[in-house]
Amino acid sequence: MKRIFYTFAFLLSGVGAASAQGVGDYAAFLSDVAARSPQLAAADKGHAATVRGLRTGLAPDDPEVGLEYYFTGESRYEIAVEQAFDFPTLYHQRNRISKLGVTKAEQEYRSARRAIMGSVSEAYLALNYTTERVGILTRRRDDLRRAVSLYREAVEAGHRSVIDLRNTQMMLTEVENSLALAETERVEASAVLAQLNGGREIVPQGYPQFGFTGTREEFVEAALAADFDLRAVAVDTLIAQRELKLSRQAWIPKLKVGYKVEIEGSKGTNALLAGISLPLWQNSGRTRHARAQDAAARAQHAATESELRTHLQTLHARYTALSAALAAREGDRTGTDYPELLKQSVEAGNLTSIDALLGLDEWYALKDSLMELEYEVARAGAAMALCLMD
């Protein structure tokens, strides 16, 4: 299978770029921020506790020591030391299950770490988008305020109707509402990102630009191979197989050995103990349960792989379609010089300043939709890249 490669680069948007920390590799950036997050610190401790738990309880049963004292006319007592053992193959199976459990725990930890990196990515991209949007909406609001002021003067002079003024005021109100919402979203994204970064704020530096090689199917296969949740579910099937073997061997009797000494007066008697424990009731139904677990693990693995495959295919399709749309928009320069054309029309007397300001409103709306498209392309590209990160 052809390996899928991807590259990272940052396009500096100019928003806070001068004071921002340098970011080169987006994967390294996400990893560094995640490493400072309380969430990853908690996941580290949880993983350590899980591994310790999986390595506990694998030793033989505890030895038993007992003293029996008989209240008779002559001093009489008995001391016994006993030790029970499972058949050696059971310890082997339990150790193999423990090691598989540790492997699964490692995959679950890496999945949790990737999820935290995903949260960092979402917060960073949202911060970048809302910061740029606040900037464009602020300019749009200021232009509409100037238009309202000019309309008010024109109405007072009798050159314009009140309805024109009201229409412009409603447009201004709509933009002010959008600006308030965008500013709130920017503050929220900044707070979330700072929390993930250990309390330190991050200044947005533009969107990461991704370059992927390979076909959609090659990407899907590479992402499936790198998915930690799917790996964990695959380990579940191996654990279920081991549990089935263990359940079949659990019917082997336990071994019991011991030593006894009986003291009566001045006489002593020594004895050795050897016996077995018959598992007649404790393991009843265990093999059927193990078979059911094996079937459930296999079904869950198939369902998880099918769901993940569909998600990866749609993710690749989304990124491809949005990237193509963005490339087409960036290649279309018809709106690039629109503000300059409006300025020239005003200077030539072909357009009033009010109409020029209102014309800019459409240009701002176009810029707003382009920013949203850039944001969605970055989100889709970052999601694809995260699927391939270790």
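Values reported hereafter were calculated over all heavy atoms of this structure, with side chains retained and with hydrogens, waters and symmetry mates removed.
Annotation for Tyr259: atom OH counts as buried by contact number, over 12 foreign heavy atoms lying within 6.0 Å. Atom CZ of Arg96 is surrounded by 12 or fewer heavy atoms from other residues, nucleotides or ligands within 6.0 Å. No more than 12 heavy-atom neighbours from other residues, nucleotides or ligands sit within 6.0 angstrom of CD on Glu307.
Using the six-membered ring where Trp is involved, Tyr319 and Phe212 have ring planes that are perpendicular, over 60° apart on the 30 and 60° scheme.
Using a 4.5 Å heavy-atom threshold, the side chains of Ile163 and Asn167 count as touching. Two residues are said to be in side-chain contact when any heavy atoms from C-beta on lie closer than 4.5 Å; Ser247 and Arg291 fail this criterion. The shortest distance between side-chain heavy atoms of Glu217 and His316 does not fall below 4.5 Å. For the pair Leu193 and Val120, the minimum side-chain heavy-atom distance is below 4.5 Å. Leu370 places a side-chain heavy atom less than 4.5 Å from the side chain of Glu374. In this structure the side chain of Val102 never reaches within 4.5 angstrom of the side chain of Thr50, judged on heavy atoms. Using a 4.5 Å cut-off on side-chain heavy atoms (C-beta onward), Pro204 and Leu125 make no contact. Annotation: side chain of Phe219 is in contact with side chain of Leu388 (closest heavy-atom distance under 4.5 Å).
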Working for salt bridge (charged side-chain N to carboxylate O under 4.0 Å, His left out), residues Arg298 and Asp236: CA-CA 8 Å; Arg298 292 175 185 275; Asp236 274 337; over 6 Å; no
Worked verdict on Arg200 versus Arg36 for side-chain contact (heavy atoms from CB on, under 4.5 Å): CA-CA 9 Å; Arg200 290 183 285 179; Arg36 290 187 285 269; 2.5 Å; yes
Evaluation steps, salt bridge (charged side-chain N to carboxylate O under 4.0 Å, His left out), between Arg309 and Glu221: CA-CA 8 Å; Arg309 184 180 295 275; Glu221 293 303 321; 2.7 Å; yes
From CA spacing to verdict: salt bridge (charged side-chain N to carboxylate O under 4.0 Å, His left out), Glu68, Arg76: CA-CA 9 Å; Glu68 297 181 11; Arg76 181 184 173 191; over 6 Å; no
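Put simply, Val51 and Ile97 are part of two different groups of oily side chains (I, L, V, M, F, W, Y) that touch within less than 4.5 Å, one to the next. No single ILVMFWY cluster, assembled from side-chain heavy atoms under 4.5 Å apart, contains both Leu312 and Val233. Under the 4.5 Å side-chain heavy-atom criterion for grouping Ile, Leu, Val, Met, Phe, Trp and Tyr, Tyr375 is connected to Leu137 within one hydrophobic cluster. A continuous path of hydrophobic side-chain contacts links Leu373 to Met384 [ILVMFWY only; heavy atoms under 4.5 Å]. Note on Leu67: it does not cluster hydrophobically with Leu273, by side-chain heavy-atom contacts below 4.5 Å among ILVMFWY residues.
Between the Gln107 side chain and the Ala234 main chain, no donor and acceptor come within less than 3.5 Å of each other. Counting only distance, with no hydrogens or angles, the side chain of Ser98 and the backbone of Leu54 share a donor-acceptor pair below 3.5 Å. At distances below 3.5 Å, not a single donor-acceptor pair connects side-chain atoms of Thr304 with backbone N or O atoms of His301.
In this structure, the ring of Tyr109 has its center no less than 6.0 angstrom from the ring center of Phe228.
A donor-acceptor pair shorter than 3.5 Å cannot be found between the side chains of Ser178 and Arg140. No donor-acceptor contact under 3.5 angstrom links the side chains of Gln93 and Glu243, judged on distance only.
Within the model, atoms CG of Asn177 and CZ of Arg141 stand 12.5 Å from one another, a figure rounded to the nearest 0.5 Å. Between Thr173 atom OG1 and Glu176 atom CD the span is 5.5 Å, to the nearest 0.5 Å. Atom-to-atom distance recorded for Arg113:CZ and Ser37:OG is 9.5 Å, nearest 0.5 angstrom. Atom NE2 of residue His311 and atom OG of residue Ser306 lie 13.5 Å apart, to the nearest 0.5 angstrom.
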